[in-house]
Structures are given as structure tokens and as C-alpha cells.
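Worksheet: one structure, shown below.
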Amino acid sequence: MEPTAPVLFILGASHHTAPLAVRERLALDETRAAGLAEQLRALPGVTEFTLLNTCNRVEIYGVARRPDTLPALRAVVAQTTGCAPAELEGVLRLRHNHEAIAHLFSVASGLDSQVVGETEILGQVKAAYDAALARQWTGPVLNRVFQKTFQAAKHIRTHTGIGAGQVSTATVAVDLAGRIFGELDTSKVLVVGAGDIGLKTAQAFQSRGATSITVASRTLSNAEATAAQTGGWAASLAELPELLTAADIVASSTSAPGFVLTAELVAAAMKRRAARPLFLIDLALPRDIDPAAAALANVFLYNLDDLATIAEGNLAQREAEAAKGRVIVAERTAALWPQVAHSLNRPA
Amino acid sequence: MSSLLTDRALLWLGALLYLAGFLTGLVALTRRTAPAGLRTILNTLLVGGWGFQMAGLYVRGLAVGGCPLGNTFEIVQFVAWSAMVLYFFVGTTFRGSLLGLFTAGYAASLALVSLLVPAWDLTRGQKIFGNNPWIELHAALAVFSYGVFGLLALTALMHLLQNWSLKHKRLNGLFWFLPSVVQLDQINFRLLMLGVLLLTFSLGVGALWWVRDTASVDYPKLFVTLGVWSVYLVVWLLRWRAKLVSVRFAWVCLVMFIIALLSLGPVNSSRHHEVVLTPGSR
């Protein structure tokens, strides 16, 4: 039912309503965002608005004093993005009032994200709000709604397990390393293979504080190129026995047809490294690390399947926890909506 | 009032608070996220339990006119108390871990079992320290070192559980809260060193008095105590030289403590001059 009084609205598209190709067309670069903002400011009746633009969603949060303005919003989006209005049928979704609040709470807390519980979205919502506040696009209604949103998102993250457990192979590997070594700042990371997977894994460890990263590759120049991107050292695969003795964490992702790290090689390294555990991550297909190495004391070996299983398990648990988050969203929306309704109906 | 707060009543209160702490932690474990303030609640229960236990031991000490280490009941209570003291120091380094829960369960078990076995508290040694404060210090340090070895057994158990979970890729539930393998290994080594140091000092003090009166100590007690000390010393040397590491080291720490705990029986029963305790004498 269309509202007849001043309305809090959200109009937008997300991964739920639009495939990647459409989202790419809707994405707002700086120029398009500025253009859209100008058009929104020019729309009669739109008194407040914020633009949220991420890789998975483009959404306008706003207040319309005249509900008859709402149909014009679709035309504005179509005009800005260059999409035909018919293309946006079923892609752009409009929510009003308490539904809009509940949606914003869900978005900011990560409940509505493609990977449930991801944390990046809260920062993106905050950045979008800060930008709108700085440009004086927001007013008393949106200011209150966004402040309450940040509180709700924090509460949901604290009181449910939606953010528990890592859900990508690289971050699962980093998480496991933390369970073996604790802080990673003193751990020595050896990346075997200079490809994209090796680089991403090295960067994931770097983001968790690892400072000693060595990239080893059959071709030294490739190792040097990858090492340069992580601030690490480069080495040749010929040095593997010595590198293995010194390393704490080994992530291997070469395209070699056989084992690069045999059980004998690992066993020899373990004899020299005494009490220190060794975490082996096999990211290659076919596998780089002999599975027999897992039987060695103080050696922890995980391959792609292991990491994927953990990631899937964590994701399933996050989904289960999301139900608790949705209950909190409903409770907080019910508490906030009367205050927002009062503000909306106050003469401007 | 005073008749209600006997030493055993205070020790019961202490044991029940330990148990409450353990159950609180256990319930929280069944949830993926710990409720806010859980750590404060758990620590309050443990501090309360420890306070009552100390008060109980103090009242017992006043009644017997010395350190309350005259029978198995008192020794087991003192071991539980020592483990809790150590947890208050060591536990702060275990952020959000299970050590508090494990210590609560361990202390509750020891304290409750000692209270539920009346035979352990029917008799006690009479003037076993001969009013000599050095002998009392020797005994207190020796039993305190058992508390250290008890906590070491708990952290060794945590190490084994963490190692098992990582090896078998069972990473959820209880295992989620365990500290890292390296942290556990480091704390195991430090606790072993502390226990060996305390026991060495205790035996050193005891030896100084033993050489003056060799008949004052029975041979079973002497051999068992020296045996426990020497094995722990060898284990420490092997770990220090990295000859005994990881899971094997953890297993040895765990098994050694069980043996050390079982040795308390022969050590205590070899004492002379036991008197029967009556309610009025406690």
C-alpha cells in the first residue's frame, strides 16, 4: 500500500534483486553519484537522503514529504544510470517506513549481505552516512535512523554469532594459523608458488600482522615480483629444505604435477626445528603437499577441501545465527518506528 | 553463627562456589557467543570460592595450631586452593579461554571429593611439623608445587585437546575457545619450571632438617617425594633441550600429575602419631 503521509523510504537494488551484470550498470562512480545527488536535491518533496553504493548494492535512503514524489525516484535512477525504466522493473525495490528501517538495520549488521555477517558493510554504511552528513543531505529523521542503525548493528554483532568463523579459504587459513601460533606478528610465512592464489594468501597473512613473508618459486623473477607486492623476500624452490626449517606457516599453490613438499622433506625439516609447530596449507590442485606429512607430530596440514569445509560450516552457522539477528532487527524497528513516525509528521 | 561457620562449612561453601563457576562456564560454552559479563561472573564465583576455602583452611589452621596439612583431606584442599591462586595469576594471560572453566572444574572436583570422603578427615598427624616453621614451609611449598603441577596438567590437557581438534579438523564447540598451541606449550613449560623450582626449594629446606634427624622422615615418603621431583626435573630438562615436545610433553605432564597425586596417599599414610579427629577438635 502506497503511503499518503511523509515517508521514510529506501529505493535500491542489491544482489538479491539484480544479477552482477545489472549491478555493474547501476554502480555509481563519483561523477554519477554527484549527478544522482543533484537530481534528488531537485526533486520536490525529498528533504533528506543518503546514497549507499557498494559492489553488491546501490540504495537511496531518504525522506519524502510528498509521497507522490516516490514514482519519480525510479525515473531519476534510470536517467542517471542510463538504464531503461523497463530494465529496472523488479530490480529496484522500494520500501517504506518501518520496512525501510528494518532493511537498513539488516544491511548495516551484515544480515542482508551476500556473505552473511561480513563486517565491511558497516564501514560502508558509516562512510555513506558521513558523506551525506558532510554535504548536508541528511536531516533529523535520517540522522536519528542512522545513529540507531549503528547501535543496532553493533548489538547484533555482539549478541549473535553472525560474524563468527571465517568464510573464505584464505581467511580460514589465517584463522587456523592463529589457533596454532596465537599472534602472527612473529610467525614466518613461506608462500610456495608465485601465482595469484599465493599472492592473495600472503596478503591475507599480512593483514593479520605477519611481517616475515618469503615467496618461493621455480622461477626466481616470478617470486621477486610477488614478493615485491607483499614486502617480502624472494627465493628459489631449490632452497626449500632450508626455507621449510625456518618457516612456521607454509602455503603452497604451485601448478606442479607431483608433490612439491614430500613427507620426507617435511620430516627432515621437523627434526631440525624441534619444538615449533608447522602449519602446512595446500592450496594447489593437484596437491603440492604429501598427505602423509599430516601424520607427523606438530605438523598441521590443511588442503583446499578442508578449508572449504570449514568455510561452509562457518557460513551455515552464521546463517543459523542470522535468525537471532532478525529477531533483534524486528524488536529494534518496532521500538524506533514510533519516534521516526512522530518526526516525519512534525511540520518541516 | 560461629557454630555454623565451621572450617568444613566454609570449605563446603568454597567448593560449591567453584562448582557454580564451573557450571556457569559450561552453560556458556553451549552457546556460540558468551553472554556479556560472563568472565566477570565466573571470576567473581571463583574469587568467592577461593575466599571461603582460604577462610576454611585458616579456621582449620587455628584449630590445629599450624599449617593445615595433616591429612589427605587438608592436603587435597590445599592443592585445589593452590591451583586457584595460580589461575588468578596465569589466567589473565589466557584471553577468553577455557582455563577458568577447567580450573573451576578441577578445584571443585578436588574440594568436593575431599569433603565427600569422610575417611580422609578422620585422623590427622599430631605435631607433624614439630612446631618448626621451616618444616611447615617445606610442606606448604611441596603441596603448593602440586597445585602448580595440577594447573600444568590442566593446560597440558588443553594442549592435547587443541592439538586433537586441529589434527582432526574438529574446530567448533569447546575447541573454539582453546588458546593456541604455541601459547599452551609456552605456559606448560613455564608452569613446569615453576613447579620444579618450588619443589626443589621445598626439598632443599626439608633436606637441611632431615640430615639433622634422619629418623624423622619415613623412607616411603622420602623415596616417593624424591621420585616425583626427579621425574619432573628430568621432564623439564628434556623439554628445555627440546627432546620432549608437543603432544608427548603434554601427555607426560598429564600422566605425571596423576602419578604425583596418587603418591600423596603413600606419603601421608607413612606418617606417625595420628590422632582421631572429633567434631569438637576441628
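The chains referred to below are lettered A, B, ... by the order of the sequence lines, with proteins before strands, and numbering in each begins at 1.
Judged by distance alone, with hydrogens and angles left aside, the side-chain atoms of B:K167 form a donor-acceptor pair with the main-chain N or O of A:A294 at under 3.5 Å.
A:F300 contributes atom CZ, which lies 8.0 Å from atom CD of B:Q162 (distance to the nearest 0.5 angstrom). Note that CD1 of A:I180 and CG of B:D185 are 13.0 Å apart. Values are rounded to the nearest 0.5 Å. The distance from the OG atom of B:S246 to the CZ atom of A:R276 is 13.5 Å, given to the nearest 0.5 Å. Atom-to-atom distance recorded for A:L184:CG and B:S180:OG is 9.5 Å, nearest 0.5 angstrom.
A 4.5 Å side-chain heavy-atom check between B:L171 and A:D175 finds every atom pair outside the cut-off. Within the 4.5 Å cutoff, the side chain of B:L166 has no heavy atoms near those of the A:F279 side chain. Between A:R179 and B:V181 the shortest side-chain heavy-atom distance does not fall below 4.5 Å.
Under a cut-off of 6.0 angstrom, the local environment of CD in A:E242 is crowded, with over 12 non-hydrogen atoms contributed by other residues, nucleotides or ligands. More than 12 heavy atoms of other residues, nucleotides or ligands shown are found within 6.0 angstrom of CH2 on B:W164. The number of heavy atoms from other shown groups lying within 6.0 Å of NZ (A:K188) does not exceed 12. Counting non-hydrogen atoms of neighbouring residues, nucleotides and ligands closer than 6.0 angstrom, the CZ atom of B:F189 exceeds 12 such neighbours. Within a 6.0 Å sphere centred on CH2 of B:W251, heavy atoms belonging to other residues, nucleotides or ligands number 12 at most. Atom CZ of B:R241 sits in a sparse spot, with 12 or fewer heavy atoms from other residues, nucleotides or ligands closer than 6.0 Å. Heavy atoms from other residues, nucleotides or ligands lying under 6.0 Å from CZ of A:F150 number more than 12.
In this structure, the portion of B:R239 lying under 4.5 Å from any heavy atom of chain A is its side chain and not its backbone. Within the 4.5 angstrom heavy-atom criterion, only side-chain atoms of A:I310, from C-beta onward, approach chain B. Heavy-atom distances place the backbone of A:L296, and not its side chain, under 4.5 Å from chain B. For B:V245, the part lying near chain A is the side chain, with the backbone staying farther off; criterion is any non-hydrogen pair under 4.5 Å. Both the backbone and the side chain of A:N298 have a heavy atom closer than 4.5 Å to some heavy atom of chain B.
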